[in-house]
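The structure appears right after this line, and notes come after that.
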Amino acid sequence: MSANISFLAFGDGGYHPDYPKVKHIQKPKNKAQFIAAEKADWLEDHRPMSEFNHAPVYVYPDTDIATEQTGALATGKAMATLCQLKRCDFAIQLGDNIYPDGAGANDGKDDQQRMNDLILKPLQPLFTQQPELVVYSALGNHDWKTSRKGVKLQTEWMASQPNFTMSEQGYYSYTIGEPGNDVELFVLDTNMLLSGQHYYEIPLRPDGSEQGLASALAAGQAEVEDIERHEEPVNGEDHRQLAWLANGLKNSKAKWKLVYGHHILWSIGGTKYDEGHVLRRLILPELCQYADAYIAGHEHDLELLTDDCSRVMPGNSKPKLPLIISGAAAKMRGTHTPFAQQQEKRYPEYDLVWSKSFIWGFAHIELDNDQDKLNVSFYTTPHDQSGKLEAEQVFSFAKRSD
């Protein structure tokens, strides 16, 4: 048996039109209005109109009400197909497992049915094929959106499912593989970490560059990130999580050390960068010193970036830190080309390796213990809901942890 370790990485899979946002029901749009609204948002974000695109549109039966189509089941089928061709020892789920408001939402829906529909059903092809496969899940901002009770309902549901694992406290670690060729994975609750911080949403300038906080405040454009009362950390639980991560990474005896959570450190979506600034400040020094990669969702696309760690570890001689984004399991979104170009200019430590937007898809990661390489392969599935597997790109990175 190979000593290599292989797994699926997918995020933001918990979306289906049967569980819509309230505004889509209270202020319905037909297909033309839906696309017009997407165009308006595109222009408001200073994205080039020549690159405009939108997700496939779903129209509710016997109405003209339109919303975004889901790719959840198609992505589940594509992952099942891949796992007939490549080893899938386990899977990691990168948060936003339930849209739009987590479990416990006041929408008249049964929560057990909600979780069966949004979390379990899309992955059923995978579990039918591989009944022992375990999905190690993280929490995202939508999982937190309703209440702490909603988070508890989801963790309790996962505890009752043979194919899912999630810690009651939201963050945890686990080790897979034989000693000497093993990996320890650290699962973060990044929503808890971010909710303990005070930061602003600041719109980009028309050229895609970031605006300074002082300028944004002077122009009345900076908005404090809206943290709901129930999301605020209790009794320093966010600080305990950070200390747990630092100690866990430093003391891990595993050959490989991987960290994953919902929120990104870097991305080119153009709307999540404020969170990236905050999260980098909180965890990037530890990742740079001890980890082999960081994996996230949140952006509804596929991206591969690196950070050379020069800003947080001057004189660093370790290989670049791979940052893998796989948040396209049900929803899709465009990237922001001017923003991406500005990021390259402004941040010498950062590099965009590859990206693909307006797709449904996922990543497959292999830890090659013979070559000491981390290999990441990206896959997509077409808009026609067929679930057909389409290979994109493969990348390799040198092992960087001690």
Side-chain angles (χ1 to χ4, degrees), residues 11-12 15 21-24 27 37-48 68 94-96 99-102 139-146 188-233 238 261-284 294 296-301 303 305 323 325 327 331-347 350 352 355 357:
D12 303 76
Y15 166 70
K21 287 185 176 180
V22 172
K23 68 180 181 181
H24 290 171
K27 297 181 179 179
E38 294 290 295
K39 280 186 179 175
D41 289 344
W42 189 266
L43 290 171
E44 185 180 351
D45 289 341
H46 309 300
R47 301 171 192 260
E68 181 178 343
L94 299 165
D96 282 4
Y99 278 93
D101 296 323
L139 291 164
N141 53 296
H142 282 272
D143 302 306
W144 266 96
K145 201 157 189 177
T146 308
L188 301 182
D189 183 346
T190 53
N191 198 77
M192 179 195 293
L193 296 179
L194 289 170
S195 295
Q197 304 296 310
H198 180 87
Y199 62 101
Y200 291 82
E201 284 189 18
I202 303 172
L204 295 172
R205 294 191 181 101
D207 66 355
S209 63
E210 295 179 55
Q211 195 176 172
L213 175 58
S215 299
L217 286 168
Q221 294 180 317
E223 293 184 11
V224 175
E225 179 65 27
D226 184 25
I227 307 295
E228 297 288 345
R229 178 62 61 89
H230 71 267
E231 294 180 273
E232 293 175 1
D238 54 334
H262 181 63
H263 292 82
I264 53 90
L265 295 178
W266 295 100
S267 76
I268 59 167
T271 59
K272 311 297 184 187
Y273 57 91
D274 294 313
E275 296 166 337
H277 279 298
V278 177
L279 201 55
R280 289 199 303 275
R281 178 169 57 80
L282 294 178
I283 66 172
L284 186 58
Y294 177 73
H298 202 36
E299 292 285 14
H300 301 155
D301 61 8
E303 299 182 35
L305 313 104
L323 306 171
I325 297 177
K331 293 172 74 70
M332 58 176 72
R333 183 181 287 140
T335 49
H336 196 309
T337 302
F339 173 72
Q341 293 166 345
Q342 292 289 343
Q343 294 284 285
E344 291 278 10
K345 290 178 185 176
R346 179 177 290 209
Y347 299 104
Y350 150 103
L352 171 65
S355 71
S357 59

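The structure presented is a predicted model; accordingly, all values stated were derived computationally and were not measured.
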Exercise for the section: Go through the steps for N191 and H262 under the test side chain to side chain donor-acceptor pair (under 3.5 Å), then give the verdict. Expected result: CA-CA 8 Å; N191 198 77; H262 181 63; over 6 Å; no
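- Within a 6.0 Å sphere centred on CZ of R229, other residues, nucleotides and ligands contribute 12 heavy atoms or fewer.
- Atom CG of L204 is separated from atom CD of Q342 by 9.0 Å, given to the nearest 0.5 angstrom.
- Judged purely by atom type and a 3.5 angstrom limit, R47 has no side-chain atom pairing as donor or acceptor with the backbone of G270.
- With D274 contributing its side chain and Y199 its backbone, the two residues share no donor-acceptor pair below 3.5 Å.
- Comment: E299 does not engage K272 in a salt bridge, judged by the lack of any side-chain N to carboxylate O separation of less than 4.0 angstrom.
- Salt-bridge formation is not detected for the pair R205/D207: no Lys NZ or Arg NE/NH1/NH2 atom is positioned less than 4.0 Å from an Asp or Glu carboxylate oxygen.
- The two residues A222 and I202 make their nearest non-hydrogen contact at CB-CG1, 4.3 Å.
- Taking the six-membered ring for Trp and thresholds of 30 and 60 degrees, Y350 and W266 have ring planes inclined between 30 and 60 degrees apart.
- For the atom pair NE2 of H142 and NE2 of H298, the computed distance is 8.0 Å after rounding to the nearest 0.5 Å.
- Atom OG1 in T335 sits 11.0 Å away from atom CD1 in I325 (nearest 0.5 Å).
- Here the NZ atom belonging to K21 is positioned 4.5 Å from the NZ atom belonging to K23, to the nearest 0.5 angstrom.
- Here CG of N141 is found 7.0 Å from CD of E275. Values are rounded to the nearest 0.5 Å.
- With T190 contributing its side chain and H263 its backbone, the two residues share a donor-acceptor pair below 3.5 Å.
- No hydrogens or angles considered: nothing links the side chains of D96 and Y15 as a donor-acceptor pair under 3.5 Å.
- Although no hydrogens or angles enter the test, the distance criterion places a donor-acceptor pair under 3.5 Å between the side chain of D143 and the main chain of G140.
- Between Y273 and F339, the ring-plane angle classifies as tilted under the 30° and 60° cut-offs.
- No donor-acceptor pair closer than 3.5 Å links the side chain of E68 to the backbone N or O of K331.
- Each of Q343, H336, E303 was evaluated against I268; a single residue qualifies, E303, per the side-chain contact (heavy atoms from CB on, under 4.5 Å) test.
- A distance of 13.0 Å separates CG in L94 from CD1 in I264, rounded to the nearest 0.5 Å.
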